[in-house]
Amino acid sequence: MRTYLHKSFKKLSQTGDPKIKFLLNTVRLMENDQTKEYGLGDIDSLEEKLALTFLNPNDYESINPSKKPNLKISSKYGEVVVKVVEDENVHEGTILMPISIWSNQLTGVKGTKLIYKNISVDLEATEQKLDDFKSILKKIRGA
Amino acid sequence: MERYVCTGCSLLCDDIIVSSDGIYIDQVIGACLKGKERFDLVNSENRILNPLVRQNNILEKASWDLALDKTTELLKNAKNPLLYGFSTTSCEAQLRGLELASDINGFIDSNSSICQGKVLNETINAGITFSTITEIINKADLIILWGCNAAESIPRLLNKTLYSRGKFRITGREIKTLIIIDPVKNASFNTMGVRDIPLIIKPGKDLELIKALKENCCATEGTPPEGVAGLDKEDMRRLLQQLGGAEYGVIFVGQGLLTPLENSNLITELLELVNIINSKQQKGRISVMMMGGHYNMVGFDHVALSMYGKNGAIQFKDNHFTNTDDTLITKIQNEDFDCSLFIGTDPISHLPFSLSSKLVKKPIILIDNHKNASYEFANIVLPTAITGIECDGLAYRLDHIPIEVKKIINPPNKIPTDADLLTQIIQKIKSNR
């Protein structure tokens, strides 16, 4: 069962290296569907449903964050700040993100192929506010 | 009340009951959540109801004449236009899209090229044992979801194939086995019963599993004691038993298997595995089906193949088809385009940042029925009717069966269909020469 986490992360102070390597998979989910949000939702629902990542509760503990509400995810293709959703169905060592403009800040191109799965990412708990829709658009425009 | 085809996804369910007076839709019965969302689009606040033209960096409401003049001017002056999308339009619109690309010497491609079209391309060399939904309903005793989450991407697929009773499967669900191979325990796992086999493999280890299955095909002796790809020996035994013993099995392939690898191709390996199994089987067979999500993704493959012998990445030069090694990715990556036209798609959202940031540097014409991220960057926005609700058309189901979709109500503001709009653009370009 998915639980949206509004509580603060724990134990970040105990970790030496706040960055931990994970594998990112982008997935299509009915409840977190960008077509639905663009078609029927608004910017708030878009951010609520798509600016997030699913993480195994054990990994969530091992990341040891404390009092940091969001997660900065970095891959060799880019980085994004999103909120975390605990999900015990996610394999330990991996994170899931719904296919969206947020997850596509981390996906990339290798040769002539698009890379949407098994992307090596660093996770870091952060106090930065999540990247909202407008800031992502600005980033795309400004690149 | 009348039966209509739902264009919510590529399953194109033809058993949707709609109550309508031809002006409003009163009731929709039998549609899944995705189908319902498609119908909800009709009156969505995010619906685009008027043409828009960007002036002083602001998208402003414009007349159809002005918007079409601007579109024609942009496309006529473009030396290297890029046309992309076409998987949520009718085959008629896809045909017009190819015609337009030919007229303006453009490069045209559909969403299929980054999705199930990849499988089609591999079948040229490896071959494919294919199936239809009807065949699966009537004959299948084994359904495998590999790297796909059918419950959330094509919600009624399992209702139709797993829970149905077919001519040779009168007992229905009881006689059918479901196997799910996925690194994520996704929503499809919730449909599993006692005799089904959930196989949660290690992420990125599909190739290891396919190779082990090829080596040990129909025999478990070769399975190493430690198992393969996160599956133990018992899992492997049950999987091999099912693959080798099924009378009629189907493997649904999702994006999870389309991930590119350094020196191998997962799809080729899978198709070879299926060929090995089928050649060893005395009476049964396994087939493969791609899980493209958009309702007419398959349509573009068929239309383009029938016109030019190629299912995507089609380049025109001197108004004729020309062979090219370019793909959508290389075109964008090399910034080898000077304007783009997107129809029924949102590449700014669904392509990686390295590509979307290049797309927005050149003028964009967007043809769609609702707002999205590409809308935010478009120079010209042209609204169109929702196919299958506000206009007729032909679409191809995920099993490559053509299905006519019907109009239920008129579109608002006399918005044209995709096909009509593209025809108008083609005519305008021709008349301005």
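Each chain gets a letter, A, B and so on, in the order the sequences are listed, and its residues count up from 1. Atom set for the values below is all heavy atoms of this structure, side chains included, hydrogens, waters and symmetry mates excluded.
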Would you find more than 12 non-hydrogen atoms of other residues, nucleotides or ligands less than 6.0 Å from B/K358 atom NZ?
yes
Neighbour count above 12 (heavy atom, 6.0 Å) for A/R28 CZ:
no
When rounded to the nearest 0.5 angstrom, what is the spacing between CG in B/L257 and NZ in A/K117?
9.5 Å
Okay, B/I201 and chain A: the region with an atom under 4.5 Å from a heavy atom over there is backbone
Partner chain A: residue of B/G293, B/P183, B/S354 with the largest heavy-atom pair count (under 4.5 Å)
B/P183
Under 4.5 Å heavy-atom distance to chain A, tell me which part of B/S356 shows up: side chain, backbone, both or neither.
both
Should we say atom NZ of B/K310 is surrounded by more than 12 heavy atoms from elsewhere, each under 6.0 Å from it?
yes
If you apply the rule side-chain contact (heavy atoms from CB on, under 4.5 Å), what do you find for A/L137 with B/F377, and how did you get there?
CA-CA 9 Å; A/L137 295 182; B/F377 296 97; 3.6 Å; yes
Is any side-chain heavy atom of B/I348 less than 4.5 Å from a side-chain heavy atom of A/I101?
yes
Would you say NZ of B/K202 has more than 12 non-hydrogen atoms from neighbouring residues, nucleotides or ligands within 6.0 angstrom?
no
Side chain, backbone, both or neither: which part of B/V360 has a heavy atom under 4.5 Å from chain A?
side chain
Please assess B/L33 against A/E31 for the test side-chain contact (heavy atoms from CB on, under 4.5 Å), listing each intermediate value before the final yes or no.
CA-CA 10 Å; B/L33 203 57; A/E31 273 303 305; 4.3 Å; yes
CE/A/M30 to SG/B/C32 distance, rounded to the nearest 0.5 angstrom?
6.0 Å
Determine, step by step, whether A/H91 and B/V184 satisfy the side-chain contact (heavy atoms from CB on, under 4.5 Å) criterion, reporting the C-alpha distance in whole Å, the side-chain angles of both residues, the deciding distance to 0.1 Å, and the verdict.
CA-CA 6 Å; A/H91 236 286; B/V184 182; over 6 Å; no
So which of A/D42, A/T112, A/I136 has the biggest tally of heavy-atom pairs under 4.5 Å with chain B?
A/T112
With a 4.5 angstrom heavy-atom cut-off, which part of B/D346 approaches chain A: side chain, backbone, both or neither?
side chain
Heavy-atom proximity to chain A below 4.5 Å, by part of B/L258:
neither
Of B/K185, B/K34, B/E45, B/Q255, the largest count of non-hydrogen pairs under 4.5 angstrom with chain A goes to B/K185
Return the CG to CD distance between A/L29 and B/E152, rounded to the nearest 0.5 Å.
5.0 Å
What I'd like to find out is whether the side chain of A/K110 reaches to under 4.5 Å of the side chain of B/I329, using heavy atoms alone.
no
Could you tell me the separation between the CD atom of B/E37 and the CD atom of A/E37, rounded to the nearest 0.5 Å?
8.5 Å
Under a 4.5 Å heavy-atom cut-off, does chain B meet the side chain of A/Q105, its backbone, both or neither?
both
Determine the option with the most heavy-atom pairs under 4.5 angstrom with chain B, choosing from A/V90, A/D33, A/V109, A/L23.
A/V109
Near B/N334 CG, under 6.0 Å, is it more than 12 heavy atoms from other residues, nucleotides or ligands?
yes
Heavy-atom cut-off 4.5 Å, strictly under: side chain, backbone, both or neither for A/N118 against chain B?
side chain
Quick check on B/Q333 against chain A: is it the side chain, the backbone, both or neither that has a heavy atom closer than 4.5 Å?
side chain
A/Q34 vs B/H350 side-chain heavy atoms within contact, under 4.5 Å
yes
To the nearest 0.5 Å, atom NZ of A/K134 lies from atom CD of B/E376 at 8.5 Å
CG-CG distance between B/N190 and A/N89, expressed to the nearest 0.5 angstrom
7.5 Å
Select one option (side chain, backbone, both, neither) describing which atoms of A/L114 are under 4.5 Å from chain B's heavy atoms.
both
Are A/Y116 and B/I114 close enough that some pair of their side-chain heavy atoms sits under 4.5 Å apart?
yes
Please look at A/T94 and chain B and tell me whether the side chain, the backbone, both or neither of the residue comes under 4.5 angstrom of a heavy atom of that chain.
side chain
Check: B/N46 side chain, A/Y38 main-chain N or O, donor-acceptor pair, under 3.5 Å
yes
At a heavy-atom separation under 4.5 Å, does B/N149 approach chain A through its side chain, its backbone, both, or neither?
side chain
Which bit of B/L355 comes within less than 4.5 Å of chain A, counting heavy atoms only: side chain, backbone, both or neither?
side chain
Chain A: which of B/A373, B/G254, B/S44 shares the most heavy-atom pairs with it under 4.5 Å?
B/A373
